[in-house]
Amino acid sequence: GKDIELIGREDIELKVYPALPRVPKGFEYLGTDGEFFAYKKTFLKPNVEVIAKEMALEGNWKTYDLELKLPREALNSSELSDLFLSIDYGGEIANLYVDHEHRADNFYGGDLWEVSLKHLSYPDGIKLKIRKLTEGDKIFIEKWPEMIDGEACRLISVNLLPEFIV
(Lines give C-alpha, C1' and ligand atoms only; values in the text may rest on other atoms or scores of the structure.)
Protein backbone atom coordinates (compact mmCIF):
# COMPACT_ATOMS: atom_id res chain seq x y z
CA GLY A 1 0.00 0.00 0.00
CA LYS A 2 0.95 3.56 -0.69
CA ASP A 3 1.11 6.23 2.00
CA ILE A 4 -0.97 9.38 1.66
CA GLU A 5 0.19 12.67 3.11
CA LEU A 6 -2.58 15.10 4.10
CA ILE A 7 -1.99 18.76 4.92
CA GLY A 8 -4.70 21.05 6.24
CA ARG A 9 -5.80 23.52 8.87
CA GLU A 10 -8.86 21.73 10.23
CA ASP A 11 -9.64 18.25 11.46
CA ILE A 12 -9.66 15.77 8.58
CA GLU A 13 -12.63 13.65 7.57
CA LEU A 14 -11.73 11.05 4.99
CA LYS A 15 -14.28 9.02 3.00
CA VAL A 16 -13.08 6.10 0.88
CA TYR A 17 -14.33 3.12 -1.04
CA PRO A 18 -13.56 0.33 -0.46
CA ALA A 19 -12.82 0.34 3.28
CA LEU A 20 -9.18 0.69 4.27
CA PRO A 21 -7.54 -2.56 5.44
CA ARG A 22 -6.90 -0.91 8.84
CA VAL A 23 -7.77 2.39 10.53
CA PRO A 24 -4.92 4.87 9.85
CA LYS A 25 -2.82 5.81 12.87
CA GLY A 26 -4.41 8.68 14.78
CA PHE A 27 -7.75 8.36 12.93
CA GLU A 28 -11.03 6.98 14.23
CA TYR A 29 -13.51 4.97 12.19
CA LEU A 30 -16.86 6.81 11.98
CA GLY A 31 -18.86 4.18 10.09
CA THR A 32 -20.39 4.33 6.65
CA ASP A 33 -21.82 7.24 4.71
CA GLY A 34 -23.74 5.69 1.86
CA GLU A 35 -21.28 3.42 0.10
CA PHE A 36 -18.26 5.19 1.61
CA PHE A 37 -16.29 4.35 4.76
CA ALA A 38 -15.59 7.41 6.92
CA TYR A 39 -12.56 8.12 9.11
CA LYS A 40 -11.71 11.22 11.15
CA LYS A 41 -8.50 12.74 12.48
CA THR A 42 -8.87 15.34 15.24
CA PHE A 43 -5.87 17.60 15.81
CA LEU A 44 -4.79 19.00 19.14
CA LYS A 45 -4.65 22.76 18.54
CA PRO A 46 -1.37 24.30 19.77
CA ASN A 47 -1.52 26.75 22.66
CA VAL A 48 -0.11 29.79 20.84
CA GLU A 49 -0.96 33.49 20.95
CA VAL A 50 -0.14 36.78 19.22
CA ILE A 51 -0.46 40.15 20.96
CA ALA A 52 -0.37 43.33 18.86
CA LYS A 53 0.65 46.69 20.31
CA GLU A 54 0.38 49.93 18.36
CA MET A 55 3.67 51.74 18.79
CA ALA A 56 4.02 54.85 16.65
CA LEU A 57 2.88 56.83 13.65
CA GLU A 58 5.87 58.31 11.82
CA GLY A 59 5.04 60.18 8.64
CA ASN A 60 2.93 57.86 6.50
CA TRP A 61 3.87 54.70 8.45
CA LYS A 62 2.21 53.17 11.52
CA THR A 63 4.24 50.62 13.49
CA TYR A 64 2.97 47.68 15.52
CA ASP A 65 4.92 45.26 17.69
CA LEU A 66 3.63 41.70 17.44
CA GLU A 67 4.56 39.55 20.42
CA LEU A 68 4.38 35.86 19.58
CA LYS A 69 3.86 33.38 22.39
CA LEU A 70 4.99 30.15 20.77
CA PRO A 71 5.88 27.53 23.40
CA ARG A 72 8.54 25.20 22.00
CA GLU A 73 6.56 22.12 23.04
CA ALA A 74 3.69 23.33 20.82
CA LEU A 75 6.06 23.80 17.87
CA ASN A 76 7.68 20.38 18.31
CA SER A 77 4.49 18.44 17.57
CA SER A 78 5.06 15.92 14.77
CA GLU A 79 1.64 16.89 13.36
CA LEU A 80 2.29 20.66 13.17
CA SER A 81 3.55 21.47 9.69
CA ASP A 82 3.60 25.28 10.01
CA LEU A 83 2.04 28.19 11.82
CA PHE A 84 0.75 31.13 9.78
CA LEU A 85 0.38 34.72 10.86
CA SER A 86 -2.92 35.94 9.37
CA ILE A 87 -3.00 39.73 9.07
CA ASP A 88 -6.01 41.87 8.22
CA TYR A 89 -5.04 45.49 7.68
CA GLY A 90 -6.00 48.63 5.83
CA GLY A 91 -3.25 50.61 4.11
CA GLU A 92 -1.23 50.78 0.91
CA ILE A 93 1.47 48.29 1.90
CA ALA A 94 2.57 46.36 4.97
CA ASN A 95 6.12 45.28 5.81
CA LEU A 96 7.31 42.69 8.34
CA TYR A 97 10.62 42.92 10.15
CA VAL A 98 12.34 40.31 12.31
CA ASP A 99 15.35 41.52 14.28
CA HIS A 100 15.31 44.79 12.25
CA GLU A 101 15.58 42.83 8.97
CA HIS A 102 12.88 43.28 6.31
CA ARG A 103 11.51 39.76 5.78
CA ALA A 104 8.15 40.11 3.98
CA ASP A 105 5.80 42.65 2.42
CA ASN A 106 2.32 42.81 1.00
CA PHE A 107 0.50 45.32 -1.19
CA TYR A 108 -3.08 45.72 -0.03
CA GLY A 109 -5.58 43.85 -2.17
CA GLY A 110 -8.49 43.25 0.17
CA ASP A 111 -7.51 39.72 1.25
CA LEU A 112 -5.93 38.49 4.44
CA TRP A 113 -2.13 38.39 4.30
CA GLU A 114 -0.69 35.11 5.54
CA VAL A 115 2.97 34.68 6.46
CA SER A 116 4.67 31.39 7.31
CA LEU A 117 6.27 31.61 10.74
CA LYS A 118 8.23 28.43 9.99
CA HIS A 119 9.86 30.33 7.10
CA LEU A 120 10.78 33.06 9.62
CA SER A 121 12.19 30.46 12.08
CA TYR A 122 9.37 31.04 14.59
CA PRO A 123 10.50 34.40 16.00
CA ASP A 124 9.38 35.70 19.41
CA GLY A 125 8.49 39.09 17.98
CA ILE A 126 7.78 40.85 14.71
CA LYS A 127 7.56 44.50 13.79
CA LEU A 128 4.72 45.33 11.38
CA LYS A 129 4.72 48.64 9.51
CA ILE A 130 1.69 49.80 7.53
CA ARG A 131 1.89 52.65 5.01
CA LYS A 132 -1.05 55.04 4.92
CA LEU A 133 -3.44 54.96 1.96
CA THR A 134 -5.41 58.13 1.25
CA GLU A 135 -8.60 58.56 -0.75
CA GLY A 136 -7.63 59.90 -4.15
CA ASP A 137 -4.18 58.23 -4.23
CA LYS A 138 -3.40 57.50 -7.87
CA ILE A 139 -2.98 53.75 -7.53
CA PHE A 140 -5.16 50.88 -8.68
CA ILE A 141 -6.64 48.69 -5.95
CA GLU A 142 -9.51 46.40 -6.84
CA LYS A 143 -11.04 46.45 -3.37
CA TRP A 144 -10.17 49.49 -1.27
CA PRO A 145 -10.02 49.21 2.51
CA GLU A 146 -12.46 51.02 4.77
CA MET A 147 -11.47 54.66 5.01
CA ILE A 148 -11.68 56.60 8.25
CA ASP A 149 -11.52 60.37 7.69
CA GLY A 150 -10.27 59.68 4.16
CA GLU A 151 -7.39 57.42 5.23
CA ALA A 152 -6.57 53.78 5.87
CA CYS A 153 -3.61 52.94 8.06
CA ARG A 154 -4.46 50.37 10.68
CA LEU A 155 -4.16 46.80 11.82
CA ILE A 156 -7.65 45.29 11.93
CA SER A 157 -6.78 41.86 13.30
CA VAL A 158 -3.93 39.39 13.57
CA ASN A 159 -4.28 35.67 14.28
CA LEU A 160 -2.24 32.49 14.31
CA LEU A 161 -3.40 29.63 12.08
CA PRO A 162 -1.87 26.18 12.52
CA GLU A 163 -1.32 23.88 9.54
CA PHE A 164 -1.21 20.16 10.22
CA ILE A 165 0.28 17.18 8.41
CA VAL A 166 -0.40 13.45 8.70
Q: Going by atom type alone, with no hydrogens or angles, which donor-acceptor pairs under 3.5 Å involve a side-chain atom of residues 31-39 and a protein atom two or more places apart or on another chain?
A:
unit_1: D33; atom_1: OD2; unit_2: K15; atom_2: NZ; d: 2.5
unit_1: Y39; atom_1: OH; unit_2: L20; atom_2: N; d: 3.1

Q: Quick one: are I12 and F27 in side-chain contact, heavy atoms under 4.5 Å?
A: yes

Q: Can you measure from CG (L128) to CD (E54) and round to the nearest 0.5 angstrom?
A: 11.0 Å

Q: Please tabulate, one pair per line, all N/O donor-acceptor pairs under 3.5 Å involving side-chain atoms of residues 149-166, not counting sequence neighbours.
A:
unit_1: E151; atom_1: OE2; unit_2: K132; atom_2: NZ; d: 3.3
unit_1: R154; atom_1: NH2; unit_2: E146; atom_2: OE1; d: 3.3
unit_1: E163; atom_1: OE1; unit_2: S81; atom_2: OG; d: 3.4

Q: Once salt bridge (Lys or Arg N to Asp or Glu O under 4.0 Å) is applied, do any residues pair with D137, and if so which ones, sequence neighbours excluded?
A: none

Q: Just grab all the ring pair (Phe, Tyr, Trp, His ring centres under 6.0 Å) pairs involving residues 129-152, residues at least two apart or on different chains.
A: none

Q: Which salt bridge (charged side-chain N to carboxylate O under 4.0 Å, His left out) pairs, counting each pair once, include a residue from residues 73-85, with sequence neighbours left out?
A: K41-E79

Q: Indicate if L85 and L75 have the same hydrophobic cluster label, given that clusters are the connected sets of ILVMFWY residues with side-chain heavy-atom separations under 4.5 angstrom.
A: yes

Q: If you group Ile, Leu, Val, Met, Phe, Trp and Tyr by side-chain heavy-atom gaps below 4.5 Å, do F43 and I7 land in one group?
A: no

Q: Grab the two heavy atoms, one from V48 and one from P71, that are nearest each other, plus how far apart they are.
A: CG1-CD, 4.2 Å

Q: If hydrophobic clusters are built by linking Ile, Leu, Val, Met, Phe, Trp and Tyr wherever their side-chain heavy atoms come under 4.5 Å apart, do L120 and L112 end up in the same one?
A: no

Q: Compare all side-chain heavy atoms of L83 with those of L68 and state whether any distance is below 4.5 angstrom.
A: no

Q: Tell me the side chain to side chain donor-acceptor pair (under 3.5 Å) pairs involving residues 57-72, sequence neighbours left out?
A: D65-K127

Q: Got Y97 and D105 here, is their nearest side-chain heavy-atom distance under 4.5 Å?
A: no

Q: Once you round to the nearest 0.5 Å, how far does CG of L117 lie from CG of L70?
A: 6.5 Å

Q: Quick one, E13 and L30 - any side-chain contact, counting heavy atoms below 4.5 Å?
A: yes

Q: Output every pair passing side chain to side chain donor-acceptor pair (under 3.5 Å) with a member in residues 85-95, not counting sequence neighbours, ordered by first then second residue.
A: Y89-N106, E92-R131, N95-H102

Q: Work out which heavy atom in P123 is nearest to a heavy atom in V98; give both atom names and the distance.
A: CB-CG1, 3.8 Å

Q: Quick one: which residue pairs count as a salt bridge (charged side-chain N to carboxylate O under 4.0 Å, His left out) with a foot in residues 107-122, not counting sequence neighbours?
A: R9-E114

Q: Shortest non-hydrogen contact from L80 to A74?
A: CD2-O, 3.5 Å

Q: Side-chain contact test, heavy atoms from C-beta onward, threshold under 4.5 Å: evaluate it for D11 versus K45 and give yes or no.
A: yes

Q: Is there a continuous path of hydrophobic side-chain contacts, each under 4.5 Å between heavy atoms, that joins I148 to I93?
A: no

Q: Same cluster or not: Y108 versus I139, using hydrophobic residues (I, L, V, M, F, W, Y) connected whenever any side-chain heavy atoms lie under 4.5 Å apart?
A: yes

